[in-house]
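Have a look at the structure below, then the notes.
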Amino acid sequence: MAARSFKKHWQLYIIVTPPLLYFFIFKYYPMLNAVLAFKDYNVIKGIWGSPWVGMRNFKLFFNNPIFWDLIKNTVYLSGYLLLAGFPIPILLALMLNEVRGNKFKRLVQLVTFAPYFISTVVMVSIIMLFLAPRLGFVNVLLNHLGLDSINFLGEPGMFRSIYVWSDIWQTAGYSAVIYLAALAGIDPTLYEAAKVDGASRFQKIWNVDLPGLLPTIVIVLILNVGNIMAIGFEKVYLLQNPLNLVNSNIISTYVYSIGLLNANYSFATAVGLFNSVINLVLLVLVNSLAKRFSNNSLW
């Protein structure tokens with residue numbers, strides 16, 4: 001049966017083989033090395049020759065005095081980004097969908113989409129230049145208004161807002177594209193029916209646009225919640241300094257400092273594996289809730 005299917009559809013099998021090999025070689029096969037989390041890694045003996053230590057690395061992490069600080073900082077930063085950043089691309093897409101002037105619409109799309117192509121390093125450099133304590137644009141403006149300069153990146157309480165709102169500015173236009181695509185797929189007869197019924201522009205958005213966007217919104221929300229513990233490492237690490245470390249030290253930066261800088265590979269792998277398991281549990285939980293309440297889910 002399998003041979004007959006291959007003979008009949010061999011072209012399709014050839015097409016699908018490279019993607020399958022890619023995921024197997026670069027995604028699934030490396031997962032085997034997660035066994036390092038349960039071993040005391042020895043460079044000479046290698047991953048599989050190193051002695052087993054069971055759950056010792058996990059216990060060390062759970063008993064670490066900064067364990068709850070890392071969890072709190074990671075959840076707070078990710079939650080802040082999710083609550084503040086998730087609705088904005090939706091609102092931007094709805095507003096762009098209502099714009100009738102094509103030139104103005106394209107201009108707004110270009111202005112909001114362009115920051116996405118700025119690299120993380122350049123983005124952090126821009127933030128540092130703008131918020132520099134003495135010569136930064138923001139502090140120069142504050143001084144002209146008769147106010148004292150503020151060391152924004154040296155204030156722990158400001159770190160999360162700086163990270164979140166700069167990220168929203170950089171990614172909102174790009175994230176809105178998927179919602180614009182969903183809006184473009186809504187049946188035009190629904191708008192015509194709403195117009196015949198005398199619906200206002202706001203009523204069209206509420207009764208036509210939002211229901212049409214709901215499946216996309218649910219899927220994107222599930223993916224975002226599933227990654228709530230996997231917030232990006234690069235930007236946080238580059239914005240991090242000894243003054244804001246109390247709020248900027250998250251799990252990913254801790255794994256980097258422990259695993260690479262201190263060469264404690266087994267412990268770092270255990271922390272990373274714990275983080276991945278939490279993400280998986282959140283993804284499955286939110287997917288189940290979405291399927292129960294909205295009939296939309298990843299599977």
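Between W169 and I118, the closest side-chain pair of non-hydrogen atoms falls below 4.5 Å. Contact check for Q170 versus T120: no side-chain heavy atoms found under the 4.5 Å cut-off. Here the side chains of D148 and N139 are not in contact, with every heavy-atom distance at 4.5 Å or above. For the pair I150/M158, a side-chain contact is recorded, criterion being any heavy-atom separation below 4.5 Å from C-beta on. Using a 4.5 Å heavy-atom cutoff, the side chains of N241 and N244 are in contact. With contacts defined as side-chain heavy-atom distances shorter than 4.5 Å, the pair I231/Y163 qualifies. Proximity of R56 to D40: side-chain heavy atoms (C-beta onward) are separated by under 4.5 Å at one or more points. A heavy-atom distance below 4.5 Å is found between the side chains of R160 and N73.
A donor-acceptor pair is defined here as one N or O able to donate and one able to accept, closer than 3.5 Å; such a pair exists between the side chain of N57 and the backbone of A37. Listed for the S50 side chain is no donor-acceptor partner under 3.5 Å among the backbone atoms of K39.
In this view, L96 and L92, K105, V108, Q109, L180 satisfy the side-chain contact (heavy atoms from CB on, under 4.5 Å) rule, not counting sequence neighbours. Under the rule for a ring pair (Phe, Tyr, Trp, His ring centres under 6.0 Å), the partners of F62 that lie at least two apart in sequence or sit in another chain are F67, F274.
Between Y256 and F233, the ring planes are tilted. Angles from 30° to 60° get that label. Using a 30° and 60° split on the angle between ring planes, F113 and Y116 fall in the tilted class, from 30° to 60°.
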Evaluate the side chain to side chain contact (heavy atoms under 4.5 Å, CB included) criterion for residues M128 and V124: first the C-alpha distance (whole Å), next the side-chain angles of each, then the deciding distance (0.1 Å), finally the verdict.
-> CA-CA 6 Å; M128 289 181 173; V124 171; 3.7 Å; yes

Please report the C-alpha distance between R134 and S149 in whole Å, then the side-chain angles of each, then the deciding distance to 0.1 Å, and finally whether the side chain to side chain contact (heavy atoms under 4.5 Å, CB included) criterion is met.
-> CA-CA 7 Å; R134 298 178 61 186; S149 297; over 6 Å; no

Give the C-alpha distance, both sets of side-chain angles, the deciding distance and a yes or no for side chain to side chain contact (heavy atoms under 4.5 Å, CB included) between V255 and F267.
-> CA-CA 8 Å; V255 169; F267 182 72; over 6 Å; no

Should S119 and V122 be marked as a side chain to side chain contact (heavy atoms under 4.5 Å, CB included) after you check the CA-CA gap, both sets of side-chain angles, and the distance that decides it?
-> CA-CA 5 Å; S119 69; V122 174; 3.1 Å; yes

Derivation and outcome, side-chain hydrogen bond (donor to acceptor under 3.5 Å, both in side chains), residues K235 and S166 | CA-CA 10 Å; K235 189 176 177 182; S166 62; 2.6 Å; yes

In sequence, state the C-alpha distance, the side-chain angles, and the governing distance for Y265 and N42, and then conclude on side-chain hydrogen bond (donor to acceptor under 3.5 Å, both in side chains).
-> CA-CA 9 Å; Y265 302 114; N42 185 293; over 6 Å; no

Show your reasoning for whether ring pair (Phe, Tyr, Trp, His ring centres under 6.0 Å) applies to F58 and F38.
-> CA-CA 8 Å; F58 293 94; F38 306 94; 5.3 Å; yes

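The six-membered or imidazole ring of Y28 lies away from that of F23, with a centre-to-centre distance of 6.0 Å or more.
L214 and L190 fall within the same hydrophobic cluster, defined by Ile, Leu, Val, Met, Phe, Trp and Tyr side-chain heavy atoms under 4.5 Å apart, directly or through other members. Note on W68: it does not cluster hydrophobically with Y80, by side-chain heavy-atom contacts below 4.5 Å among ILVMFWY residues. Each of V218 and V177 belongs to its own hydrophobic cluster when Ile, Leu, Val, Met, Phe, Trp and Tyr are linked at side-chain heavy-atom distances under 4.5 angstrom. I278 and L81 are not part of a single hydrophobic cluster, where members link through side-chain heavy atoms under 4.5 Å apart. In the hydrophobic clustering of ILVMFWY residues, with side-chain heavy atoms under 4.5 Å counting as a link, I88 and I90 come out apart.
Atoms CG and CD1, from L20 and I15 in turn, are 12.0 Å apart once rounded to the nearest 0.5 Å. To the nearest 0.5 angstrom, N264 atom CG is 8.5 Å from L60 atom CG. Here CG of L283 is found 12.0 Å from CD1 of I228. Values are rounded to the nearest 0.5 Å. Note: L153 CG to E155 CD = 10.0 Å, rounded to the nearest 0.5 Å. Of the inter-residue distances, the one linking I205 atom CD1 with L183 atom CG reads 9.5 Å to the nearest 0.5 angstrom. Considering CG of L261 and OG1 of T253, their distance stands at 10.5 Å, rounded to 0.5 Å.
In this model, a donor atom of one side chain and an acceptor atom of the other lie less than 3.5 Å apart for Y191 and D209.
Note that K27 lies outside the cation-pi zone of Y22, set by a 6.0 Å cut-off to the ring centre and a 45° limit from the axis.
Closest heavy-atom contact between G259 and A268: CA-CB, 3.3 Å. Here the closest heavy-atom approach between residue I222 and residue A290 is recorded as CD1-CB, 3.6 Å. Between N33 and W48 the shortest heavy-atom distance is OD1-NE1, 4.4 Å.
Counting heavy-atom neighbours within 6.0 Å of Y174 OH, excluding the residue itself, gives a total of 12 or less. More than 12 non-hydrogen atoms from other residues, nucleotides or ligands lie less than 6.0 angstrom from CH2 of W52. A 6.0 Å sphere centred on CG of L282 holds more than 12 heavy atoms belonging to other residues, nucleotides or ligands. Counting heavy atoms of neighbouring residues, nucleotides and ligands inside a 6.0 Å radius, atom NZ of K291 does not exceed 12 of them.
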